[in-house]
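Throughout, residue positions are numbered sequentially from 1 according to the sequence presented.
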Amino acid sequence: MEYRFSARLLALDHWDVDADSIRRLRGPAELPLDALDLVLELRLSLGLDDRVLPVYLEEIASTLASSAYKLATSSLDARTLARADFQTIEGAMTEGHPCFVANNGRLGLDAQDYLAYAPEASAPVRLIWLAVRRTRSTFSCSAGLDYDRLMGAELAPATRARFARTLTDLGLDIDDYYLVPVHPWQWWNRLSVTFAADVARQHLVCLGHGDDSYLPQQSIRTFFNTSEPSRHYVKTALSVLNMGFLRGLSAAYMKATPAINDWVAELVAGDDVLARARFTVLRERAAVGYHPEHFEAAAAPGSPYLKMLAALWRESPVPSVRPGQRLATMASLLHVDRDGSSVVGALIDESGLTAEGWLRRYLDAYLVPLLHCFYAYDLVFMPHGENVILVLEDGAPVRVIMKDIAEEIVVMDASRDLPAAIERIRADIPDGEKMLSIFTDVFDSFLRFLSATLEADGTMDEDAFWSTAASCVADYQVSAPRLAHRFERYDIFTERFPLSCLNRLQLRDNTQMVDLADPSAALQLVGTLANPLARFSPRAAARRGSRDPAA
């Protein structure tokens with residue numbers, strides 16, 4: 001079998017393939033293109049074993065189905081979408097994780113579930129609320145908050161009264177329970193069945209739907225409150241397989257979530273560099289998890305059975321937005337409409353800035369805080385498009401907001417003092433791998449796609465893109481001389497860096513591709529990539545100057 005196609009080779013070994021040029025040949029015969037056939041033909045090269053292969057094929061098929069739905073229903077052009085409201089943009093995205101091929105598996109949802117719960121369907125959802133017995137549950141919250149204050153802010157008095165009456169009618173006292181929002185799919189397909197014994201013993205009581213309307217976010221298990229946008233996001237457990245993980249929530253992990261967020265928020269608020277960038281985080285302010293005694297006695301730590309019933313409440317970004325500003329998921333910068341026009345190109349046009357000027361504002365808001373957290377604190381985030389919210393003013397980024405904190409941040413400094421309650425965020429990362437938190441998670445996983453998008457629609461060539469990025473980094477380093485020893489130790493202008501192959505994680509194990517407690521152990525490093533910043537570094541400029549007599 002032979003495949004032929006045309007592509008432009010860009011920085012970071014990025015192949016910009018002309019989709020219309022792809023041909024599949026067996027000898028002289030041309031065959032129809034088929035993604036499932038491609039996976040089967042490459043199964044040995046990809047190392048797909050008999051356990052992973054069928055599931056991966058299903059993930060590919062599901063991803064294709066969701067792509068077809070998005071293409072068929074997408075009606076907003078890039079210019080309109082660039083000016084749309086926060087949730088319209090959220091529901092219109094065609095790509096959230098472009099690094100991953102099978103990025104929309106959502107195995108477990110049927111066709112009706114897809115239309116009810118997929119973010120691109122934009123169907124309003126009312127969450128189901130359970131009462132969970134306090135003696136079998138853990139609730140934790142940020143400093144200055146407690147359970148009663150949280151419920152008072154999240155539920156209308158009439159709703160709380162209705163839930164209390166339901167419990168009273170059963171001879172139960174609401175003070176013996178925590179109220180927990182759950183995904184409707186999770187209740188009907190998992191909890192009501194798997195925890196039937198707990199329901200029978202009234203350790204769990206279904207209270208019915210809440211009154212607020214929500215929209216699912218790109219992460220599918222997180223919901224934005226459209227009835228009261230200033231209320232918290234709600235993140236729920238969802239036992240659906242999606243892009244390398246069953247999307248449950250660990251009750252054990254939830255216990256430390258607010259404390260972790262408080263620590264990060266305090267660090268961010270107290271740093272002058274981050275304050276100048278107006279960088280903020282959305283705190284996960286409260287969490288609750290149910291401990292199913294039978295399964296805790298039977299299942300190993302980390303088992304999906306221990307991640308079936310938990311929820312957290314995350315701040316809404318809406319109250320922090322000033323008049324004249326609007327919000328957008330950072331994933332929207334990679335969105336291209338049916339005519340090939342990009343949202344990022346439309347934003348640049350709206351701003352009236354040059355492409356380089358717009359990009360520099362974006363990098364100052366996005367890249368500089370990530371670099372500073374790494375160099376100053378050994379603190380790294382998971383800063384992909386779905387996890388970052390842009391605050392835009394006249395089309396230009398003025399700041400960014402980071403979310404999904406507790407499950408995905410890492411402190412890589414073994415000597416740093418951390419409160420005992422949040423010790424789990426520390427990870428022992430070898431020195432040679434630490435910079436991958438920038439090279440892989442920022443450069444290779446997002447910026448290369450942004451550069452390719454700008455190049456494809458003629459807005460900016462890749463040399464201008466990476467030159468602007470290098471200038472941003474160099475200016476940050478000049479502004480922080482106290483960190484010079486760190487800049488030297490972890491050289492962001494190095495000529496090459498290890499290639500971390502993210503798809504290989506999913507191809508190896510598509511039910512848990514990374515152990516969050518030991519992220520380094522999962523890395524699949526194969527060869528190296530040329531660093532696109534290297535030739536625009538201050539060192540390279542000095543070398544060029546020394547060879548130029550006029551200079």
Side-chain angles (χ1 to χ4, degrees), residues 140-144 250 252-285 287 301 312 314 366-384 387-388 400-443 473 476-477 479-492 494 497-498 500 514-523:
S140 55
C141 61
S142 294
S250 165
Y253 260 50
M254 288 302 98
K255 183 177 180 179
T257 288
I260 292 169
N261 278 262
D262 283 354
W263 180 82
V264 173
E266 183 178 358
L267 182 151
V268 167
D271 185 276
D272 290 343
V273 173
L274 301 178
R276 285 196 299 271
R278 291 181 282 179
F279 176 77
T280 57
V281 298
L282 289 183
R283 290 177 300 164
E284 293 149 358
R285 302 194 65 221
L312 65 80
R314 177 191 296 143
Y366 169 65
L367 180 57
V368 168
L370 297 177
L371 294 176
H372 187 66
C373 286
F374 172 80
Y375 283 116
Y377 304 108
D378 259 319
L379 170 66
V380 297
F381 299 86
M382 186 57 70
H384 56 68
N387 271 358
V388 179
V400 303
I401 306 170
M402 188 70 64
K403 62 185 179 70
D404 216 352
I405 303 302
E407 281 194 291
E408 298 196 314
I409 67 161
V410 172
V411 171
M412 300 184 292
D413 182 358
S415 63
R416 184 177 181 85
D417 288 333
L418 293 175
I422 69 168
E423 181 63 32
R424 73 167 170 84
I425 67 174
R426 190 195 310 275
D428 184 13
I429 307 295
D431 247 27
E433 296 176 3
K434 287 184 177 182
M435 276 300 296
L436 293 181
S437 64
I438 301 297
F439 288 143
T440 300
D441 297 341
V442 181
F443 289 8
V473 174
Y476 160 67
Q477 292 188 341
S479 75
R482 67 182 179 85
L483 297 173
H485 66 291
R486 297 276 293 170
F487 301 148
E488 184 176 354
R489 180 174 179 179
Y490 302 107
D491 183 11
I492 197 169
T494 184
F497 60 83
S500 179
V514 176
D515 179 359
L516 296 178
D518 187 10
S520 177
L523 291 178

- prompt: Taking only residues two or more places apart in sequence or in another chain, which ones pass side-chain hydrogen bond (donor to acceptor under 3.5 Å, both in side chains) with Asn387?
  reply: His384, Glu408
- line: Taken in chain and number order and not counting sequence neighbours, the residues that satisfy side-chain hydrogen bond (donor to acceptor under 3.5 Å, both in side chains) with Ser500 are none
- prompt: Pairs in or reaching into residues 371-382: which pass salt bridge (Lys or Arg N to Asp or Glu O under 4.0 Å), with residues at least two apart or in two chains?
  reply: Asp378-Lys434, Asp378-Arg486
- request: Apply side-chain contact (heavy atoms from CB on, under 4.5 Å) to the pair Val264 and Ile409, showing each step before the final yes or no.
  value: CA-CA 9 Å; Val264 173; Ile409 67 161; 3.4 Å; yes
message: If you compare all heavy atoms of Ile260 against all heavy atoms of Ala406, which two are closest, and at what distance to 0.1 Å?
response: CG2-CA, 4.0 Å
field: Close side-chain approach of Val388 and Met402, heavy atoms under 4.5 Å
entry: yes
query: Would you find a donor on one side and an acceptor on the other, under 3.5 Å apart, between the side chain of Arg285 and the backbone of Cys141?
result: no
query: Taking side chain as C-beta onward, heavy atoms only, is Asn261 less than 4.5 Å from Val281?
result: no
- request: Calculate, to the nearest 0.5 Å, the distance between atoms CE and CZ belonging to Met435 and Phe374 respectively.
  value: 5.0 Å
message: Going by the rule salt bridge (Lys or Arg N to Asp or Glu O under 4.0 Å), which residues pair with Arg416 if we only count those two or more places apart in sequence or in a different chain?
response: none
field: From OG1 (Thr440) to CG (Leu523), nearest 0.5 Å
entry: 7.5 Å
Test ring-ring contact (aromatic ring centres under 6.0 Å, His included) applied to Phe381 - qualifying residues, sequence neighbours left out: Phe279
ring-ring contact (aromatic ring centres under 6.0 Å, His included) partners for Tyr476, two or more places apart: His372, Phe487
- prompt: Can you name the salt bridge (Lys or Arg N to Asp or Glu O under 4.0 Å) partners of Arg314, sequence neighbours left out?
  reply: Glu284, Asp404
query: Can you name the salt bridge (Lys or Arg N to Asp or Glu O under 4.0 Å) partners of Asp491, sequence neighbours left out?
result: Arg539
message: For a 4.5 angstrom cut-off between non-hydrogen side-chain atoms, does Leu267 reach Trp263?
response: yes
- prompt: Under 4.5 Å between any side-chain heavy atoms of Ile438 and Ile492, yes or no?
  reply: yes
statement: side chain to side chain contact (heavy atoms under 4.5 Å, CB included) filter on Pro430, not counting sequence neighbours, yields Glu433, Ser520
task: Without swapping roles, check the side chain of Tyr366 against the backbone of Pro383 for a donor-acceptor pair under 3.5 Å.
output: yes
field: Non-hydrogen atoms of Phe443 and Phe439 that approach each other most closely
entry: CB-O, 3.2 Å
message: Restricting to non-hydrogen atoms, name the atom on Ser142 and the atom on Asp262 that form the minimum distance, rounded to 0.1 Å.
response: OG-OD1, 3.0 Å
- request: Would you please name every residue forming a side-chain hydrogen bond (donor to acceptor under 3.5 Å, both in side chains) with Asp431, sequence neighbours left out?
  value: Arg489, Tyr490
- line: For Ala277 and Pro369, the nearest pair of non-hydrogen atoms, with its separation, is CB-CG, 3.8 Å
statement: Sequence neighbours excluded, the answer for salt bridge (Lys or Arg N to Asp or Glu O under 4.0 Å) partners of Glu488 is none
task: Would you list the pairs meeting salt bridge (Lys or Arg N to Asp or Glu O under 4.0 Å) in which at least one residue belongs to residues 266-283, sequence neighbours left out?
output: Arg283-Glu315
query: Which pair of heavy atoms, one from Arg426 and one from Ser415, lies closest together, and at what distance?
result: NH1-N, 4.2 Å
- line: Correct closest heavy-atom pair for Ser437 and Val442 would be O-CG2, 3.9 Å
